[in-house]
Amino acid sequence: MNFKSNKEAIESLSNYVVDWDLTELDIISSGTNEPVPFDSDLFSEWIKDQPKLWAPLIFKIKQSYESHIEKVNTDKKKLQPGSNQPKT
């Protein structure tokens, strides 16, 4: 995951925002504790007004994605015939 700009990163990473468990208060300072259907569309609108969060969000989402890919690759190696990895 390499991006040429923050805009490109935010647009790409919004695809990974699926059913986040947030409340109005998490995204609006005057909000309530009511749950909000926070998906990629709402994320895209909300993040435009939060430039201070771009770099940390990009970093954390990218880090989570890379961690997931590493786990998937490790699991694949465990399934390969002749692998020395113990099966769990």
Side-chain angles (χ1 to χ4, degrees):
M1 284 187 131
N2 294 312
F3 305 106
K4 296 177 183 175
S5 68
N6 283 342
K7 181 181 178 186
E8 179 186 6
I10 293 297
E11 288 173 357
S12 177
L13 296 176
S14 70
N15 294 317
Y16 299 98
V17 180
V18 180
D19 297 329
W20 285 12
D21 187 24
L22 296 177
T23 66
E24 275 186 353
L25 192 55
D26 292 321
I27 58 175
I28 303 170
S29 61
S30 62
T32 67
N33 283 327
E34 290 296 312
V36 199
F38 198 73
D39 58 14
S40 61
D41 291 333
L42 182 54
F43 172 78
S44 295
E45 288 302 313
W46 174 79
I47 198 64
K48 289 176 188 175
D49 297 329
Q50 309 297 326
K52 291 181 180 179
L53 297 178
W54 294 355
L57 272 174
I58 291 166
F59 175 78
K60 291 302 280 183
I61 293 172
K62 187 175 172 183
Q63 187 179 46
S64 294
Y65 173 81
E66 290 170 350
S67 176
H68 170 74
I69 293 300
E70 185 177 317
K71 183 182 181 318
V72 166
N73 289 336
T74 298
D75 289 348
K76 282 182 183 178
K77 287 179 185 177
K78 290 179 182 178
L79 296 174
Q80 291 177 351
S83 172
N84 292 331
Q85 298 284 335
K87 297 194 188 310
T88 58

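The shown structure was predicted, so the numbers you read here are calculated from the model rather than taken from an experiment.
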Would Phe43 and Ile10 count as a side chain to side chain contact (heavy atoms under 4.5 Å, CB included) if you check the C-alpha gap in whole Å, the side-chain angles of each, and the deciding distance to 0.1 Å?
CA-CA 9 Å; Phe43 172 78; Ile10 293 297; 4.2 Å; yes
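Residue pairs meeting the salt bridge (charged side-chain N to carboxylate O under 4.0 Å, His left out) criterion with at least one member in residues 33-48, sequence neighbours excluded: Glu45-Lys48.
Side chains of Trp46 and Ile28 form no contact here, defined as non-hydrogen atoms less than 4.5 Å apart.
In the displayed structure, Asp19 atom CG is contacted under 6.0 Å by at most 12 heavy atoms of other residues, nucleotides or ligands.
Remark: Ser5 engages Lys7, Glu8 in a side-chain contact (heavy atoms from CB on, under 4.5 Å) (not counting sequence neighbours). In this structure Val72 satisfies the side-chain contact (heavy atoms from CB on, under 4.5 Å) test together with His68, Lys76, sequence neighbours excluded. By the side chain to side chain donor-acceptor pair (under 3.5 Å) test, Glu24 is found to be paired with Thr32, residues two or more places apart in sequence or in another chain being considered. By the side-chain contact (heavy atoms from CB on, under 4.5 Å) test, Leu22 pairs with Trp20, Asp26, Ile27, Phe38, sequence neighbours left out. Residues meeting the side chain to side chain donor-acceptor pair (under 3.5 Å) test with Asp75, sequence neighbours left out: Lys71. Qualifying side chain to side chain donor-acceptor pair (under 3.5 Å) partners for Lys60, counting only residues two or more places apart in sequence or in other chains: Gln63.
Distance check, rounded to the nearest 0.5 Å: CD1 of Ile58 to CD1 of Ile47 gives 8.0 Å.
Residues Phe3 and Trp54 share a hydrophobic cluster, clusters being chains of Ile/Leu/Val/Met/Phe/Trp/Tyr side chains in contact below 4.5 Å. Hydrophobic clustering, with ILVMFWY side chains joined whenever heavy atoms are under 4.5 angstrom apart, groups Val17 together with Tyr65.
Asn33 and Thr23 get closest at one heavy-atom pair: O-CG2, 3.4 Å. Residues Ser14 and Ser40 share a closest heavy-atom pair of O-CB, 2.9 Å.
At least one donor-acceptor pair closer than 3.5 Å links the side chain of Asn15 to the backbone N or O of Ser12.
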